[in-house]
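All figures in this text were calculated on a predicted structure; none of them were measured in a lab. Below, chains carry the letters A, B, ... as their sequence lines are ordered, and counting in each starts from 1.
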2 protein chains.
Amino acid sequence: MAGDTDWVAAATTDPALACPTSAVIDIVFSRWTTPILWTLHTEGRQRFVELQRRIGTITPKVLTQRLRQLERDGLVVRTYHPEVPPRVEYEITDLGRSLAPLFAHLATWAAGNLDKVEQARHDFDADPPRGAHSSP
Amino acid sequence: MAGDTDWVAAATTDPALACPTSAVIDIVFSRWTTPILWTLHTEGRQRFVELQRRIGTITPKVLTQRLRQLERDGLVVRTYHPEVPPRVEYEITDLGRSLAPLFAHLATWAAGNLDKVEQARHDFDADPPRGAHSSP
DNA sequence: ATAGCCACTTTCCTCTAGGTACCTACTATA
DNA sequence: TATAGTAGGTACCTAGAGGAAAGTGGCTAT
């Protein structure tokens, strides 16, 4: 409740249209960050290879890049153990964990509305609008 | 509340790790979609050029692409008026409007935590970790 | 007769995220 | 001696997204 009002209120004060969500989106929803945060949240503290294996298709280079970014943003902590062989552990921070309700909200919306999107896509593809686009 | 539990529950049932949020992210948080939805939500029904002018830096090609995608996903409706000059109006749908609380949630998180991210970045840049990366 | 408007479409070009493959140093194991 | 395991780093390459600019068509205003 009042979410609607917040949205409107925030937007009308921002003519430049860099709507307040865009910064969050860049931080949290860039490619690979959600699977990483998700895994760290659900599986707890993990080593590099564990993460890589669990996510499955990510390459070590990109995983390193994303983990650095998340570390810099304060969403994960990296702990280096100077042993042999070297051991590094990644863990989600409190700040990272504070995203959990947001993710839950996302999942809830998905559960309730994803089929509507699917339906809309199906309808659109089955009967594409002949308003002006698509030249006969 | 229970958001945390939802997150864990959903993840443990999904070993493939296409976490339930990734589909939503592709639909809602791809580039330019949030400014477009935002503008349509706050300013109401609008024509193509109004949208373009308000968003400012988007090119007509990309705006068309995004609007088609949003139309296909059922988040906006396009109304074509075969007049002279032609007139097209875009409007957000109920499905699109159902994202409002989610956006509000995002904005709330941003308001409360964006400064922490900034701080973390500042700290990280000021004193980069010497665990293993960066060779002296 | 020419210019302009709208809502695009088309063509070309650039830029970068991401992928492939190979490299480091160190030790334990076979 | 050779291999495997660890946590990456580095160089190179490609595909695709996105930007710039010009074209399209039909009517209208000058």
Side-chain angles (χ1 to χ4, degrees), chain A residues 17-18 22 25-36 39-40 45-73 76-91 128-136, chain B residues 17 22 25-36 39-40 45-72 76-91 128-136:
Chain A
L17 197 58
S22 57
I25 290 167
D26 288 343
I27 292 169
V28 180
F29 298 126
S30 50
R31 191 156 162 74
W32 290 119
T33 54
T34 41
I36 292 172
T39 307
L40 286 175
R45 191 187 315 139
Q46 276 169 92
R47 317 177 53 166
F48 188 85
V49 276
E50 291 179 296
L51 268 170
Q52 186 183 350
R53 278 197 274 262
R54 252 188 265 266
I55 296 178
T57 60
I58 195 170
T59 65
K61 183 190 119 180
V62 177
L63 181 55
T64 303
Q65 285 176 349
R66 292 297 95 131
L67 284 171
R68 283 290 173 285
Q69 177 192 319
L70 291 170
E71 189 192 2
R72 195 174 97 100
D73 290 345
V76 309
V77 250
R78 187 185 112 112
T79 316
Y80 177 74
H81 305 271
E83 307 167 357
V84 172
R87 191 162 56 91
V88 176
E89 285 179 318
Y90 293 94
E91 203 176 355
R130 35 199 122 293
H133 33 90
S134 78
S135 42
Chain B
L17 197 60
S22 57
I25 290 167
D26 288 343
I27 293 169
V28 180
F29 298 125
S30 49
R31 193 158 161 73
W32 291 120
T33 53
T34 42
I36 293 172
T39 308
L40 286 176
R45 190 187 316 139
Q46 276 168 91
R47 319 179 52 166
F48 188 85
V49 276
E50 291 179 294
L51 228 42
Q52 186 183 349
R53 277 197 274 262
R54 252 187 266 265
I55 297 179
T57 59
I58 196 171
T59 64
K61 183 190 114 178
V62 177
L63 181 55
T64 304
Q65 286 176 349
R66 292 298 93 135
L67 284 171
R68 281 293 172 286
Q69 178 192 319
L70 290 170
E71 188 192 1
R72 195 174 96 100
V76 310
V77 247
R78 186 184 111 113
T79 315
Y80 178 74
H81 305 270
E83 309 167 354
V84 172
R87 189 163 57 93
V88 175
E89 285 178 318
Y90 292 93
E91 202 176 356
R130 37 197 122 296
H133 32 90
S134 80
S135 43

Between CD of A/E50 and P of D/dA7 the distance, given in whole Å, is 8 Å

State the CZ-CG distance between A/R54 and A/L40, to the nearest 0.5 angstrom.
9.5 Å

Whole-Å distance between C/dC6 P and B/Y90 OH?
14 Å

What's the CG-C1' distance between A/L63 and C/dA17, to the nearest Å?
15 Å

Please give, in whole Å, the distance from D/dT6 C1' to A/E89 CD?
13 Å

Just verifying a value: how many Å separate A/F29 CZ and B/T34 OG1, rounded to the nearest 0.5 Å?
10.5 Å

Please determine if a side-chain N or O atom of B/R47 lies less than 4.0 Å away from the OP1 or OP2 oxygen of C/dA7.
yes

Please determine whether side chain to side chain contact (heavy atoms under 4.5 Å, CB included) holds for the pair B/Q65 and B/R68, giving the CA-CA distance in whole Å, both sets of side-chain angles, and the decisive distance to 0.1 Å.
CA-CA 5 Å; B/Q65 286 176 349; B/R68 281 293 172 286; 5.9 Å; no

Enter the distance from B/I36:CD1 to B/L63:CG here, rounded to the nearest 0.5 Å.
5.0 Å

Parallel, tilted or perpendicular for B/F48 and B/Y90, by the 30°/60° rule?
tilted

For nucleotides 17-27 of chain D, just jot down a letter per nucleotide in 5' to 3' order: B, S or -, based on protein non-hydrogen atoms under 4.0 Å.
-BBB------S

I need the CZ-C1' distance between B/R87 and D/dT28, as an integer number of Å.
17 Å

Expressed in angstrom and rounded to an integer, what is the separation of A/L67 atom CG from C/dG18 atom P?
13 Å

CZ of B/R78 to CG of B/L67, rounded to nearest 0.5 Å, is 9.0 Å

Compare side-chain N and O positions of A/Y80 against OP1 and OP2 of D/dT6 and report whether any pair is under 4.0 Å apart.
no

How close or far is atom P of D/dG5 from atom CD of A/E83, stated in whole angstroms?
18 Å

Within the side chain of A/Q46, is there an N or O that forms a donor-acceptor pair under 3.5 Å with the backbone of A/T39?
yes

Within less than 4.0 Å of OP1 or OP2 of D/dG8, is there a side-chain N or O belonging to A/R68?
yes

Atom CD of B/Q52 and atom P of C/dA7 are separated, to the nearest Å, by 10 Å

